[in-house]
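Counting convention: from 1, in listed order, for ligands and their atoms alike.
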Amino acid sequence: MAIQKPRGTQDFLPAVIGNWRYIEAAIRKLCAAYGFEEIRTPIFEDTGLFLRGIGETTDVVQKEMYSFPTGDKKEQTYTLRPENTASAVRAYLENKVYGQESLTKWFYMGPMFRHDKPQAGRYRQFHQFGVEVLGTQAPSADADVILMALQLFSDLGLKDLSVQVNSVGCPNCRPAYRDKLIAFFEPKKDELCEDCQSRLYKNPMRILDCKEESCKALSVGAPEIHENLCEECATHFEQVKTLLTAADVNYTVNPRLVRGLDYYTKTAFEVQYAPLGSQSAIAGGGRYDGLVEELDGPHTPAVGFAMGIERVLLALEKQGLLPEPEVEPSVFVVALGEAAQLEGFKIVHALRHDYIKASMVGENKSMKSQLKHANKTHAKYVIILGDDELARGEAILRYMETSEQETVPLAEVKARITSLVKG
Ligand code: HAM
């Protein structure tokens with residue numbers, strides 16, 4: 001075949017759409033209980049939003065953005081959204097939501113785009129479910145979003161997940177910590193991987209979660225963030241941990257959890273499912289108290305997370321938790337002869353009008369061939385119409401599960417089926 005889907009994208013055909021619907025239904029139920037309302041923002045935005053929002057030195061911005069000319073102004077580009085937090089904040093500001101409510105709780109689902117090397121669990125177009133809480137610095141909001149993610153995973157039945165939490169500090173305590181990290185890594189600069197060499201002065205905290213074995217070894221003994229937090233960050237982190245412990249969350253504190261987006265302050269967290277290997281993060285998030293201001297809005301503390309739906313599906317598959325396909329009770333009309341075809345056509349449309357799933361072959365094929373179609377559509381009830389039945393003003397109703405049959409007056413077929421399907 002000449003033209004294929006772009007690398008790192010996937011087609012989701014009807015056989016798997018039930019799995020997506022299943023997760024989406026669980027998400028909607030969860031969001032309703034936690035009081036989150038849905039937003040939908042454009043899948044592309046002004047490139048500047050991500051440069052300022054996510055941070056110019058991040059991998060996402062430096063290597064992974066799909067940018068293209070707007071076609072309006074020279075040199076102005078749009079970018080396919082690599083994530084939705086920056087867009088949510090843009091929408092929050094542009095629609096002046098901060099002036100209308102003191103606390104905003106939004107959720108979203110949709111495709112995101114990152115130009116990375118595709119592998120199992122890492123796609124160039126992937127789908128996230130995410131939540132954003134804007135307008136509170138309460139540690140309970142951090143705990144709430146973590147609990148929300150965990151409730152979703154437990155609702156889906158997922159086991160063997162690990163929860164890692166950290167505090168990445170704030171603009172008060174981070175500069176001094178950065179300096180200490182630079183001082184620590186500078187003498188080893190030449191031994192760091194190429195990426196970390198360029199991170200050293202721009203974003204040295206990222207060296208701490210580099211996946212390269214050599215960088216991991218070099219960072220042993222590096223200054224720890226927890227010993228360098230300001231009082232406010234340290235207290236906030238203690239309170240978040242107290243709440244998580246009170247909610248019986250089995251978490252680990254990972255001082256090296258830095259996350260790949262620059263907007264985080266204080267809490268950062270990830271939920272991992274180790275069997276997914278290098279793409280084990282199924283959800284991640286944290287607090288971003290400076291992002292709204294960074295995008296020219298009023299000071300608005302905020303916290304949120306996003307999960308990768310494909311990765312959750314992979315985890316469900318590995319644990320044998322994908323739902324059984326749902327088969328709606330349906331009706332198939334087998335019509336033998338031209339008059340029967342016309343009568344069948346009328347019955348099918350009358351049933352569909354009442355939102356009962358009904359179909360027929362629509363061509364005058366043999367009984368055997370039409371029944372084959374009925375089986376293929378998993379029909380529960382088959383109405384058989386032949387010339388003899390029509391002449392008597394009757395139809396045969398066949399129950400496919402038991403192969404039992406009964407004769408029903410034509411005029412009563414619709415009512416009979418309706419009562420069987422709708423009860
Ligand atoms: P993130 O950690 O970049 O955070 O992405 C969140 C989740 O999206 C990851 O844990 C992973 O499950 C999934 N994901 C990311 N990249 C890919 C990919 N290439 N293929 C498949 N799945 C992927 C954010 O995006 C933040 N906006 C989360 C957030 C919301 N923080 C605060 N509010």
* Sequence neighbours excluded, which residues qualify as salt bridge (Lys or Arg N to Asp or Glu O under 4.0 Å) partners of Glu94? ->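 Salt bridge (Lys or Arg N to Asp or Glu O under 4.0 Å) check on Glu94 returns Arg90.
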Interfacing atoms of ligand 1 (cut-off 4.0 Å, heavy-atom, [X]):
| X | result |
| --- | --- |
| Glu132 | 30 (C), 32 (C), 33 (N) |
| Gly285 | 31 (N) |
| Gln128 | 5 (O), 6 (C), 7 (C), 8 (O), 24 (C), 25 (O) |
| Arg122 | 19 (N), 20 (N) |
| Thr85 | 26 (C), 27 (N), 29 (C), 30 (C), 31 (N), 32 (C), 33 (N) |
| Leu261 | 3 (O), 4 (O), 24 (C), 26 (C) |

Residue pair [X] / [Y], side-chain donor-acceptor N/O under 3.5 Å:
| X | Y | answer |
| --- | --- | --- |
| Gln164 | Thr252 | no |
| Glu293 | His299 | yes |
| Ser162 | Tyr273 | no |
| Gln239 | Thr242 | no |

Could you tell me whether [X] and ligand 1 have an N or O pair separated by under 3.5 Å?
| X | answer |
| --- | --- |
| Ile282 | yes |
| Arg114 | yes |
| Glu310 | no |
| Gly308 | yes |
| Tyr263 | yes |

* Where does the angle between the aromatic ring planes of Phe12 and Trp20 fall among parallel (under 30°), tilted (30 to 60°) and perpendicular (over 60°)? ->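 It falls in the tilted class, 30° to 60°.
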When you measure from [atom] to every protein heavy atom, which one gives the shortest distance, and what is it?
| atom | answer |
| --- | --- |
| atom 14 (N) of ligand 1 | Phe126 CE1, 3.5 Å |
| atom 7 (C) of ligand 1 | Ala306 O, 3.6 Å |
| atom 19 (N) of ligand 1 | Tyr123 O, 2.9 Å |
| atom 21 (C) of ligand 1 | Gly121 O, 3.3 Å |

Side chains of [X] and [Y] in contact at under 4.5 Å (non-hydrogen atoms):
| X | Y | answer |
| --- | --- | --- |
| Met367 | Ile384 | yes |
| Tyr288 | Glu294 | no |
| Lys380 | Glu401 | yes |

Among [options], closest by any non-hydrogen atom to [atom]:
| atom | options | value |
| --- | --- | --- |
| atom 29 (C) of ligand 1 | Tyr288, Tyr264, Phe113, Tyr108 | Tyr264 |
| atom 4 (O) of ligand 1 | Glu270, Glu83, Arg259 | Arg259 |
| atom 12 (O) of ligand 1 | Pro118, Ala281, Gly304 | Ala281 |

* Between Asp209 and Arg259, is the closest basic N to carboxylate O distance under 4.0 Å? ->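 Salt bridge flag = no for Asp209 with Arg259.
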* Is Ala283 near ligand 1, meaning one of its heavy atoms is under 4.0 Å from it? ->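 Yes, Ala283 has a heavy atom closer than 4.0 Å to ligand 1.
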* By ring-ring contact (aromatic ring centres under 6.0 Å, His included) - contacts of Phe129 (at least two apart) ->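 Expected list: Phe305.
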* Derivation of the salt bridge (charged side-chain N to carboxylate O under 4.0 Å, His left out) call for Lys266 and Asp289 -> CA-CA 8 Å; Lys266 296 191 174 116; Asp289 290 346; 3.7 Å; yes
